[in-house]
Amino acid sequence: MKLFVDTGNVAEIEPLASLGVLDGVTTNPSLMARVSGDPRETLKEICRIVQGPVSAEVVTTEAADMVREGRELAAIDEHIVVKVPFTKDGVRACRTLADEGIRVNVTLIFSATQAWLAAKAGAAYVSPFVGRLDDIGATGMQLIREIVDIFDNFEFGTEVLVASVRHPIHIVEAARMGADVVTVPPAVIEQCFKHPLTDIGLERFLKDWEKAQAARA
Ligand code: E4P
């Protein structure tokens with residue numbers, strides 16, 4: 001399963017990229033609104049750092065406008081994936097952009113039929129939002145199970161990108177279900193690195209080694 005980070009902040013992306021485990025980045029208008037400077041320059045810099053798929057979302061709502069905006073975003077860098085919302089216009093725009101060879105991530109997916117229609121429209125990725133479903137008392141991961149099952153039956157070539165991740169358990173479940181990608185906020189990636197037994201174990205190893213060295217001296 002590929003790991004993407006869900007942020008538009010270069011300062012958060014750089015240290016994660018240096019770990020050698022980051023495959024890509026997802027942004028959305030809310031995330032980009034938190035970043036200062038020219039968004040195009042920010043996206044270019046993110047692509048340079050990550051050298052993998054970087055989702056950049058359109059902010060228009062009519063298909064023709066989305067296509068124009070999508071082409072402009074795709075021209076920023078070869079790594080840009082154009083993100084469009086799941087609406088009829090978004091699906092139309094997805095089909096047009098995909099036919100031009102531009103990779104599209106269809107976002108705001110909340111049902112298996114939406115994911116299926118986006119795949120039929122040639123989406124490179126579908127982004128089901130698990131956390132936002134959990135927020136309203138539904139089970140977000142159940143949707144991932146359904147989409148992975150459906151995509152396994154056909155040959156869409158569309159990757160299931162688990163989005164709106166809130167905690168490490170979402171990541172574990174996504175991996176067990178065979179999702180292709182998980183996009184994770186930096187704070188949740190940080191949580192994955194922490195385990196008290198790792199800290200205690202390392203401290204003990206180093207102390208034992210020091211003691212043995214002192215005894216030999
Ligand atoms: C990523 O592609 C999505 O835009 C993002 O994961 C949404 O997450 P949120 O529900 O925490 O805003």
Side-chain angles (χ1 to χ4, degrees), residues 1-10 12-13 16-17 22-35 39 42-43 46-47 49-50 52-61 66 69-70 73-74 76-77 79-87 90-91 93-94 97 102-112 114-115 118-119 121 123-144 147-148 151 158-175 177 179-192:
M1 183 172 71
K2 280 167 261 185
L3 170 65
F4 290 2
V5 64
D6 199 22
T7 180
N9 186 337
V10 168
E12 290 178 324
I13 295 167
L16 291 170
L22 190 63
D23 300 297
V25 173
T26 50
T27 67
N28 63 35
S30 306
L31 293 171
M32 291 306 286
R34 289 184 209 150
V35 178
T42 304
L43 288 167
I46 294 172
C47 290
I49 296 166
V50 176
V54 174
S55 288
E57 190 161 339
V58 301
V59 287
T60 49
T61 55
M66 289 189 201
E69 208 188 336
L73 288 167
I76 293 174
D77 190 282
H79 294 297
I80 292 286
V81 174
V82 175
K83 215 171 171 190
V84 302
F86 183 88
T87 57
V91 167
C94 175
L97 292 167
I102 294 173
R103 287 176 298 166
V104 181
N105 175 354
V106 179
T107 189
L108 291 168
I109 296 283
F110 291 98
S111 75
Q114 290 179 328
Y125 302 94
V126 287
S127 289
F129 279 31
V130 294
R132 293 194 197 184
L133 280 170
D134 291 353
D135 289 345
I136 60 157
T139 306
M141 292 313 297
Q142 182 54 39
L143 174 59
I144 304 304
I147 297 172
V148 169
F151 283 17
T158 305
E159 297 193 40
V160 180
L161 191 165
V162 178
S164 187
V165 162
R166 301 271 197 265
H167 46 68
I169 295 169
H170 278 149
I171 303 174
V172 173
E173 290 182 345
M177 288 173 188
D180 301 285
V181 190
V182 67
T183 187
V184 185
V188 178
I189 297 181
E190 194 59 38
Q191 282 180 289
C192 296

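Whatever order the structure lists ligands and atoms in, that order sets their numbers, starting from 1. The basis for the numbers below is simple: all heavy atoms, side chains too, and nothing from hydrogens, waters or symmetry mates.
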- Task: Measure the shortest side-chain to side-chain distance between Pro53 and Asp23 over non-hydrogen atoms and say whether it is less than 4.5 angstrom.
- Result: no
- Taking side chain as C-beta onward, heavy atoms only, is Arg132 less than 4.5 Å from Arg166? yes
- Look at the side chain of Glu159 and the backbone N and O of Val181, then say whether any donor-acceptor pair between them is shorter than 3.5 Å. no
- Query: Is the backbone of Gly24 close enough, under 3.5 Å, to the side chain of Lys2 for a donor and an acceptor to pair up by distance?
  - Reply: no
Provide the number and element of each atom of ligand 1 under 4.0 Å from a heavy atom of [X].
| X | answer |
| --- | --- |
| Phe129 | 3 (C), 4 (O), 7 (C) |
| Lys83 | 1 (C), 2 (O), 3 (C), 4 (O) |
| Arg132 | 7 (C), 9 (P), 10 (O), 12 (O) |

- Note on the structure: So CD1 of Ile46 and OG1 of Thr7: to nearest 0.5 Å the spacing works out to 7.0 Å
- Query: Identify the closest protein heavy atom to atom 8 (O) of ligand 1: which residue and atom is it, and at what distance?
  - Reply: Ser164 CA, 3.4 Å
- Message: Quick test: of every protein heavy atom, which one is nearest to atom 11 (O) of ligand 1, and how far off is it to 0.1 Å?
- Response: Arg166 NH1, 2.8 Å
- Message: If you take the nearest heavy atom of each of Val25, Asn28, Thr7, which one is closest to atom 4 (O) of ligand 1?
- Response: Asn28
- Message: With a 4.0 Å cut-off on heavy atoms, is Asp6 in contact with ligand 1?
- Response: yes
- Hey, is Glu57 one of the residues with a heavy atom under 4.0 angstrom from ligand 1? no
- Task: From the options Thr26, Val126, Val81, Val182, select the one residue that forms a side-chain contact (heavy atoms from CB on, under 4.5 Å) with Leu161.
- Result: Thr26
